[in-house]
*Asks:* 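Have a look at the structure that comes next, please.
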Amino acid sequence: MFMADAERAKELKAFDDTQDGVMGLTDAGVTKIPLIFHNPKNSHHDESDDGSGSTQLSVPSIDLVGVAEDPATRKVVVEKIRQACETWGFFQVVNHGIPLSVLEEMKSGVNRFYEQDSEVKRELYTRDPLRPLVYNSNFDLFTSPAANWRDTFYCFMAPHPPKPEDLPSVC
């Protein structure tokens with residue numbers, strides 16, 4: 001189904017004005033995905049599609065073993081990261097030295113953040129990407145052909161990490 005530009009802009013603004021994101025839609029019991037999340041017909045065509053409906057993807061994996069000790073290894077890893085970013089936009093990092101317990105606590109903190117009451121999350125909702133803490137749905141909500149079914153919460157850790165007391169208490 002096609003949505004006129006003016007109608008789409010109105011629905012995008014209404015969605016964004018709630019400051020509840022996708023989680024707000026699910027919390028409200030939405031049973032049908034709103035049209036703002038539908039890709040326009042033929043907006044994406046993968047030339048590698050063989051028509052079978054199956055996709056074989058392999059996420060790039062970057063191994064950080066030796067990166068701090070060996071300049072040649074560091075150079076190779078930096079190049080792999082550059083290629084992964086340009087080609088995929090993301091990658092998996094292995095042998096980074098972060099304990100599994102820290103990673104699990106990070107995931108728990110993210111879940112605690114999204115499971116908070118909407119009123120608490122709305123205090124951080126912003127479209128200003130320069131704020132030290134940002135919560136919103138779709139950084140490109142008003143420019144992409146279709147909204148993504150996702151909400152995002154992030155903070156800048158460099159060059160000046162936030163003070164722990166400036167982070168939401170659940171994090």
Side-chain angles (χ1 to χ4, degrees), residues 12 16 20-26 33 36-40 42-116 120-121 124-171:
L12 288 169
D16 197 49
D20 287 336
V22 171
M23 189 77 164
L25 293 175
T26 58
I33 297 175
I36 62 171
F37 294 96
H38 291 216
N39 278 311
N42 298 323
S43 69
H44 177 71
H45 176 71
D46 184 353
E47 293 181 14
S48 67
D49 184 6
D50 64 4
S52 69
S54 77
T55 304
Q56 298 295 321
L57 299 176
S58 178
V59 173
S61 183
I62 311 292
D63 191 341
L64 297 184
V65 166
V67 76
E69 296 82 25
D70 180 15
T73 299
R74 183 180 191 282
K75 186 175 181 176
V76 168
V77 168
V78 168
E79 177 59 21
K80 286 180 180 179
I81 291 171
R82 184 191 64 75
Q83 288 175 355
C85 288
E86 287 179 358
T87 305
W88 287 82
F90 60 91
F91 52 89
Q92 176 184 9
V93 179
V94 296
N95 296 316
H96 43 66
I98 301 171
L100 182 58
S101 61
V102 172
L103 297 174
E104 291 299 327
E105 181 52 30
M106 287 171 58
K107 289 190 322 190
S108 294
V110 168
N111 286 331
R112 288 189 302 265
F113 177 82
Y114 286 113
E115 291 168 356
Q116 295 180 102
V120 176
K121 291 185 290 190
L124 294 172
Y125 197 93
T126 183
R127 291 256 154 236
D128 181 356
L130 300 179
R131 292 227 345 233
L133 300 169
V134 174
Y135 163 60
N136 66 33
S137 186
N138 292 262
F139 70 92
D140 59 352
L141 181 66
F142 295 99
T143 58
S144 66
N148 289 299
W149 193 261
R150 71 158 183 256
D151 293 333
T152 302
F153 170 67
Y154 66 89
C155 65
F156 292 105
M157 299 305 287
H160 308 289
K163 294 179 250 168
E165 60 269 16
D166 291 340
L167 293 171
S169 60
V170 295
C171 297

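Note that the structure is a prediction, hence the values are computed from the model and not measured.
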*Asks:* How about Val22 and Phe37: do any of their side-chain heavy atoms sit closer than 4.5 Å?
*Replies:*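 Side-chain contact under 4.5 Å: yes.
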
*Asks:* If you measure from CD1 on Ile62 to CG on Asn95, what distance do you get to the nearest 0.5 Å?
*Replies:*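 If we round to the nearest 0.5 Å, Ile62:CD1 and Asn95:CG are 12.0 Å apart.
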
*Asks:* Is the shortest side-chain heavy-atom distance between Val110 and Arg112 below 4.5 Å?
*Replies:*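 Side-chain contact under 4.5 Å: no.
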
*Asks:* Can you run down the salt bridge (Lys or Arg N to Asp or Glu O under 4.0 Å) pairs that involve residues 72-83, sequence neighbours left out, and say none if there aren't any?
*Replies:*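 Listed by first then second residue: Glu79-Arg82, Arg82-Glu86.
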
*Asks:* Suppose we call two aromatic rings close when their centres sit under 6.0 Å apart. Are Tyr135 and Phe113 close by that rule?
*Replies:*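 Judged by ring-centre distance (under 6.0 Å), Tyr135 and Phe113 do meet the cut-off.
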
*Asks:* Can you tell whether the side chains of Lys121 and Asp151 come within less than 4.0 Å, N to carboxylate O?
*Replies:*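 Salt bridge between Lys121 and Asp151, a charged N being under 4.0 Å from a carboxylate O: no.
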
*Asks:* Quick one: OG on Ser137 to CD1 on Ile36, what's the gap to the nearest 0.5 Å?
*Replies:*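 The distance works out to 8.0 Å.
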
*Asks:* For Cys171 and Gly109, which heavy atoms make the closest approach, and how far apart are they?
*Replies:*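 The answer is SG-O, 4.1 Å.
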
*Asks:* Using atom types as modelled and distance alone, determine if a side-chain donor or acceptor of Asp70 lies under 3.5 Å from a backbone N or O of Ala72.
*Replies:*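 Such a contact is found between Asp70 side chain and Ala72 backbone.
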
*Asks:* Please check: side-chain N/O of His38 versus main-chain N/O of Ile33, any donor-acceptor pairing under 3.5 Å?
*Replies:*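 Yes, because the side chain of His38 sits within donor-acceptor range (under 3.5 Å) of the backbone of Ile33.
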
*Asks:* Report yes or no: does Ser61 contribute a side-chain atom to a donor-acceptor pair with the main-chain N or O of Val94 at less than 3.5 Å?
*Replies:*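 Checked: no pair found.
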
*Asks:* Rounded to the nearest 0.5 Å, how far apart are CD of Gln92 and OG of Ser58?
*Replies:*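 That separation rounds to 9.5 Å.
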
*Asks:* Under the side-chain contact (heavy atoms from CB on, under 4.5 Å) rule, what do Trp149 and Asn138 come out as? Steps first, then yes or no, please.
*Replies:* CA-CA 8 Å; Trp149 193 261; Asn138 292 262; over 6 Å; no

*Asks:* Start with the C-alpha distance between Asp20 and Tyr125, add both sets of side-chain angles, then the distance that settles side-chain hydrogen bond (donor to acceptor under 3.5 Å, both in side chains), and finish with yes or no.
*Replies:* CA-CA 8 Å; Asp20 287 336; Tyr125 197 93; over 6 Å; no

*Asks:* Return the minimal non-hydrogen interatomic distance between Pro60 and Trp88, and the atom names on each side.
*Replies:*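 Between these two residues, the closest heavy atoms are CG-CD1, 3.3 Å.
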
*Asks:* What is the minimum heavy-atom distance between Ile98 and Leu103, and which atoms define it?
*Replies:*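 The pair with the smallest heavy-atom distance is CG2-CD2, 3.7 Å.
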
*Asks:* Between Phe139 and Thr152, does the side-chain contact (heavy atoms from CB on, under 4.5 Å) criterion hold? Intermediate values first, please.
*Replies:* CA-CA 8 Å; Phe139 70 92; Thr152 302; 6.0 Å; no

*Asks:* Can you pull out every salt bridge (Lys or Arg N to Asp or Glu O under 4.0 Å) where at least one residue sits in residues 157-171? Sequence neighbours excluded, please.
*Replies:*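 Salt bridge (Lys or Arg N to Asp or Glu O under 4.0 Å) check on residues 157-171 returns no pairs.
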
*Asks:* Can you find a pair of side-chain heavy atoms, one from Pro162 and one from Phe156, that are under 4.5 Å apart?
*Replies:*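 No. Closest side-chain heavy atoms not under 4.5 Å.
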
*Asks:* Any side-chain heavy atom of Asp128 sitting closer than 4.5 Å to one from Val134?
*Replies:*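 Not touching, per the 4.5 Å side-chain cut-off.
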
*Asks:* Would you say the side chain of Cys155 lies within less than 4.5 Å of the side chain of Pro132, judging by non-hydrogen atoms?
*Replies:*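 No - every pair of side-chain heavy atoms lies 4.5 Å or more apart.
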
*Asks:* How close do Glu69 and Pro71 get, counting heavy atoms only, and between which atoms?
*Replies:*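 Closest pair (atom of Glu69, atom of Pro71, distance): O-CD, 3.7 Å.
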
*Asks:* Val170 and Glu115: side-chain contact (heavy atoms from CB on, under 4.5 Å), yes or no, with the steps?
*Replies:* CA-CA 10 Å; Val170 295; Glu115 291 168 356; over 6 Å; no

*Asks:* State whether the side chain of Asn136 and the backbone N or O of Thr126 hold a donor-acceptor pair below 3.5 Å, judged by distance alone.
*Replies:*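 Judged by distance alone, yes, a pair lies under 3.5 Å.
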
*Asks:* Donor-acceptor pair, Thr143 side chain versus Asp140 backbone, under 3.5 Å?
*Replies:*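 Confirmed, Thr143 side chain pairs with Asp140 backbone.
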
